[in-house]
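Read the numbers this way: they start at 1 and go in the same order the structure lists the ligands and their atoms. As a basis for the values below, the full set of heavy atoms in this structure was taken, side chains included, without hydrogen atoms, waters or symmetry mates.
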Amino acid sequence: MSFYTLITGASTGIGKRLAEEFAGMGDNLVLVARSKEKLEALAGELRRACGVEIHVCRQDISEPGAAAAVFSFCEERGLSIDKLVNCAGFSIAGNFERMDEQALAQMAMVNMVAVASLTRRFLPAMLARRRGAVVNIASLAGFQGVPGMACYSASKAYVVNLTEALAIELQGTGVRVFAVCPGFIDNDNFYNRAGHDRSRIVTPVSSPEVVVKAVRKGLAGKGMLILPTFFDRLMVFSQRFVARKIVVLLAAIFAGAREKRC
Ligand SMILES: NC(=O)c1ccc[n+]([C@@H]2O[C@H](COP(=O)([O-])OP(=O)(O)OC[C@H]3O[C@@H](n4cnc5c(N)ncnc54)[C@H](OP(=O)(O)O)[C@@H]3O)[C@@H](O)[C@H]2O)c1
C-alpha cells in the first residue's frame, strides 16, 4: 500500500517549501489550498523532479464542512494519509476593534477549526495502522498574547495546547503529533495578507528553511513543541523569569503590529 503526506497551505510560503521537502524525501503528496493553479504548477514540477504521485485538492478550509470534503477527496481516490501537515494559516495585524469580523471568523476556521477537524478525520486510520504523524505549524505567537495580533496569537495558542494534549493522548500508539513554533519567517505573502508592516518587526526574521529543519527534527521523534531557532527557544525559556505583563509588552514591541491610538 502506498501512503500520502497531506499538506494544507501548500500553494505558497512554508507549505510550498514543505511540499518540496517531502517530495524530495520520496513522499507521495496531497496538496490542499484555494489557489488551484499554483498547486497544479507545483505538483507538475515535483512530479517531474522527484517522480512522486501528487493529487491537488482545491479547497477553502474556512468553509464549514471543509475537513469532510478533503477527507472524502482522499477516500474516493483510495489515498491513505500517513502524515498530515496542518500548515495553512494567516494573521490579521492591527488594533483589535478595527479588525473585520468576517475575516476574524475566517481566521478562526482556518487556524483552529480546520486543524482540529482534519486531525480528527485522518487520525483513526493512522491509529488503526499504528503509524503516522500529525505536524501542526503553530507559532512563537502562541506562547503569549501579542498586542496587534490578538486573535492570531490566540489561534496559535489553541494549536499549541491542542498539540500538547494530543501528543500525550497518543503516546504509545505509534502516531506522533508535534507542533513547530517559529518566530517571524521571511515570506511577504504572509505579511501582505495580514496587513503587517514587516519593517516594524524588531526580532530576527528567519528563512523558511528553519521550519523545514524543525519538521525533520519532529519527524525524527524529538519533541512535541519544536522551537526552530536559538532566539525562539530563548524567548520561551526567558518567559519563566519575567512577569507576564512584561512578556506581553515585549511581544508587542517585537512584533510591531500594534497601531497608535490617539
Ligand atoms: N510567515 C511567518 O512569519 C510565520 C511565522 C510563524 C508561523 N507561521 C505559520 O506558518 C503557516 C504558513 O504561513 P506562510 O508564512 O507560509 O504564509 P503564506 O505564504 O501566506 O501561506 C498560507 C497558506 O495557507 C493557505 N490558506 C490560507 N487561507 C486558506 C483557506 N481559507 N483555505 C485553504 N488554504 C488557505 C494559502 O493558500 P491559498 O491562499 O492558495 O488558499 C497558503 O498556501 C501559517 O499557519 C502561519 O500562521 C508563519
Side-chain angles (χ1 to χ4, degrees), residues 6-21 30-43 56-67 69-70 73 85-93 102-115 117-118 135-143 146 149 151-160 162-163 179-198 200-201 203-212 214-215 225-229 231-232 235 251 254-257:
L6 188 150
I7 305 174
T8 68
S11 60
T12 59
I14 295 168
K16 181 178 180 196
R17 188 58 204 88
L18 287 173
E20 292 164 352
E21 188 69 14
V30 179
L31 305 178
V32 181
R34 293 167 303 174
S35 310
K36 190 163 186 196
E37 280 167 24
K38 286 184 189 166
L39 292 180
E40 294 285 10
L42 176 64
V56 165
C57 173
R58 198 219 79 85
Q59 179 64 50
D60 181 341
I61 60 168
S62 72
E63 287 173 359
V70 173
F73 176 96
V85 184
N86 286 306
C87 182
F90 68 95
S91 171
I92 301 172
Q102 206 180 336
L104 286 179
Q106 206 185 13
M107 189 172 72
M109 293 298 281
V110 175
N111 293 12
M112 298 190 283
V113 176
V115 174
S117 301
L118 285 167
V135 183
N136 292 329
I137 306 300
S139 169
L140 197 56
F143 288 84
V146 182
M149 300 167 71
C151 287
Y152 177 73
S153 56
S155 75
K156 292 300 181 178
Y158 173 98
V159 178
V160 166
L162 176 74
T163 305
V180 172
C181 310
F184 288 112
I185 298 295
D186 183 9
N187 175 17
D188 283 335
N189 296 320
F190 180 80
Y191 302 109
N192 292 342
R193 180 159 189 201
H196 189 161
D197 175 2
R198 67 175 278 187
R200 293 178 57 201
I201 296 171
T203 58
V205 175
S206 306
S207 140
E209 293 312 304
V210 304
V211 182
V212 172
V215 169
L225 297 181
I226 301 175
L227 295 155
T229 68
F231 177 81
D232 302 332
M235 284 299 97
F254 290 158

Side-chain contact test, heavy atoms from C-beta onward, threshold under 4.5 Å: evaluate it for [X] versus [Y] and give yes or no.
X    : Y    : answer
V110 : F90  : yes
D186 : S207 : no
V115 : T8   : no
L140 : K156 : no
R58  : R34  : yes
K16  : L31  : no

Nearest-neighbour protein heavy atom for [atom], which is reported as residue plus atom name and distance:
atom                    : result
atom 31 (N) of ligand 1 : D60 OD1, 2.8 Å
atom 39 (O) of ligand 1 : R34 NH2, 2.9 Å
atom 37 (O) of ligand 1 : S11 OG, 2.9 Å
atom 25 (C) of ligand 1 : G9 CA, 3.6 Å
atom 3 (O) of ligand 1  : I185 N, 2.8 Å
atom 22 (C) of ligand 1 : G89 O, 3.6 Å

Closest contact, heavy atoms only, [X] versus [Y]:
X    : Y    : answer
I185 : V205 : C-CG1, 3.5 Å
L39  : A33  : CD1-N, 3.5 Å
P182 : D232 : CA-OD2, 4.1 Å
H196 : I201 : NE2-CG1, 3.7 Å
A10  : L42  : O-CD2, 3.4 Å

Open item on the list: As an exercise, state the distance from CD of E209 to CD1 of I14, rounded to the nearest 0.5 Å.
Closed with: 10.5 Å

Proximity winner for [atom], if only heavy atoms of [options] are counted:
atom                    : options               : answer
atom 42 (C) of ligand 1 : V159, I14, T12, T8    : T12
atom 8 (N) of ligand 1  : F90, Y152, Y191       : Y152
atom 5 (C) of ligand 1  : G142, A33, A194, G183 : G183
atom 12 (C) of ligand 1 : A88, P228, C87        : C87

Considering the heavy atoms of [X], write down every atom of ligand 1 situated less than 4.0 Å from one of them.
X    : value
G13  : 16 (O), 19 (O)
F184 : 3 (O)
A10  : 43 (O)
S35  : 38 (P), 39 (O), 40 (O)
I61  : 30 (C), 31 (N), 32 (N), 33 (C)
N187 : 14 (P), 15 (O), 16 (O), 17 (O), 18 (P), 19 (O)
S139 : 6 (C), 7 (C)
R193 : 27 (C), 28 (N)

TODO: Anything under 30° is parallel, anything over 60° is perpendicular, the rest tilted; go ahead and classify F254 against F231.
DONE: perpendicular

- [ ] Return yes or no for this condition: an N or O of Q106 is under 3.5 Å from an N or O of ligand 1.
- [x] no

Open item on the list: Pairs of nitrogen or oxygen atoms closer than 3.5 Å, one from P182 and one from ligand 1: do any exist?
Closed with: no

Contact check, [X] vs ligand 1, heavy-atom distance below 4.0 Å:
X    : value
A138 : yes
Q59  : yes
A114 : no
R17  : no

Contact partition for [X] relative to ligand 1, non-hydrogen atoms under 4.0 Å:
X    : value
C181 : neither
V110 : side chain
K38  : neither

Open item on the list: Please check this pair: side chain of S153 against backbone of V146, looking for a donor-acceptor N/O pair closer than 3.5 Å.
Closed with: yes

Open item on the list: Has S155 got a side-chain atom pairing as donor or acceptor with Y152's backbone, closer than 3.5 angstrom?
Closed with: yes

Task: Pair V30-I7, side-chain contact (heavy atoms from CB on, under 4.5 Å): steps then yes or no - done: CA-CA 6 Å; V30 179; I7 305 174; over 6 Å; no

